[in-house]
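Inspection log for the structure reproduced underneath, given as structure tokens.
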Amino acid sequence: MKLLKDILYELHKGGEHPGANLDEIKHLIDLVRDFLRNKRYLIVIDDIWEKEPWDKVIGLALMENNMRSRIITTTRIIGVAEHVGGCYRLKPLSYESSEILFYGRIFGSKDKCPRQFFEVSKSILKKCGGVPLAMVYQVPRMLALFSSPQR
């Protein structure tokens, strides 16, 4: 139910949120469908872990409307991707591209990486395995933990 309220909130940004006080999933699904009925849209649903949310909520609310609308979903689970729709498997980044992303995100460039971090950086790059999200999201969080003063 929270997912539908979040979708309605995003669709109605800047306007009144018609689903803010509603508790019935069917009513929220109807509101989303009514709002999108004659509109062309692109909606991204990120990081679906199970088939059930798609079957019981998302897939019911976001239906084809013959307006060439698109729904993009992301998941790490191949079975969920195939269940939801077409499956496009992204390849990991090459080591060279991983270095550019990693060093650019953490230090600004590879040349600006302090010597004391060079070996550990190579180890982190290997562990990330070419997955961009790990490099741009998880690694900076880990480094912040190490560099923050102990409480």
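Starting from 1, each residue takes its place in the sequence as its number.
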Under 4.5 Å between any side-chain heavy atoms of [X] and [Y], yes or no?
X	Y	result
Arg70	Tyr41	no
Lys122	Tyr95	yes
Val32	Leu62	yes
Asp55	His83	yes
Thr75	Trp49	no
Glu99	Leu125	yes

Rounded distance [0.5 Å steps], [atom1] in [X] versus [atom2] in [Y]:
X	Y	atom1	atom2	result
Ile48	Ile58	CD1	CD1	4.5 Å
Ser69	Arg37	OG	CZ	12.5 Å
Lys51	Ile77	NZ	CD1	10.0 Å
Tyr103	Lys110	OH	NZ	5.5 Å
Ile124	Glu119	CD1	CD	11.5 Å
Leu101	Cys128	CG	SG	9.0 Å

Return the minimal non-hydrogen interatomic distance between [X] and [Y], and the atom names on each side.
X	Y	value
Cys113	Phe107	SG-CE1, 3.6 Å
Leu90	Tyr88	CD2-CE2, 3.2 Å
Gly129	Pro92	O-CB, 3.4 Å

Q | Check: Thr73 main-chain N/O paired with Asp46 side-chain donor or acceptor under 3.5 Å | A |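 It does not hold such a pair.
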Just jot down the side chain to side chain contact (heavy atoms under 4.5 Å, CB included) partners of [X], sequence neighbours excluded, or say none.
X	result
Ile72	Leu42, Val44
Lys39	Phe35
Ser97	Leu93, Ser94

(Q) Run Leu28 and Val57 through side chain to side chain contact (heavy atoms under 4.5 Å, CB included) and show every step you take. (A) CA-CA 9 Å; Leu28 290 171; Val57 178; over 6 Å; no
Q. When clusters are formed by joining ILVMFWY residues with side-chain heavy atoms under 4.5 Å apart, either directly or through shared neighbours, do Ile78 and Val84 land in the same one?
A.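 Different clusters: Ile78 never reaches Val84 through Ile, Leu, Val, Met, Phe, Trp or Tyr contacts under 4.5 Å.
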Q: May I ask whether Ile106 and Ile100 are part of the same hydrophobic cluster, defined by side-chain heavy atoms of I, L, V, M, F, W, Y residues being less than 4.5 angstrom apart, directly or through others?
A: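 Looking at the clustering, Ile100 is in a separate group from Ile106.
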Q.
When you compare the side chains of Asp47 and Thr74, does any donor N or O come within less than 3.5 Å of an acceptor on the partner?
A.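 Note: Asp47 and Thr74 side chains miss the donor-acceptor criterion.
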Q: Please lay out, stage by stage, how Arg89 and Glu82 fare under the test salt bridge (charged side-chain N to carboxylate O under 4.0 Å, His left out).
A: CA-CA 11 Å; Arg89 296 179 191 202; Glu82 290 170 345; 3.6 Å; yes
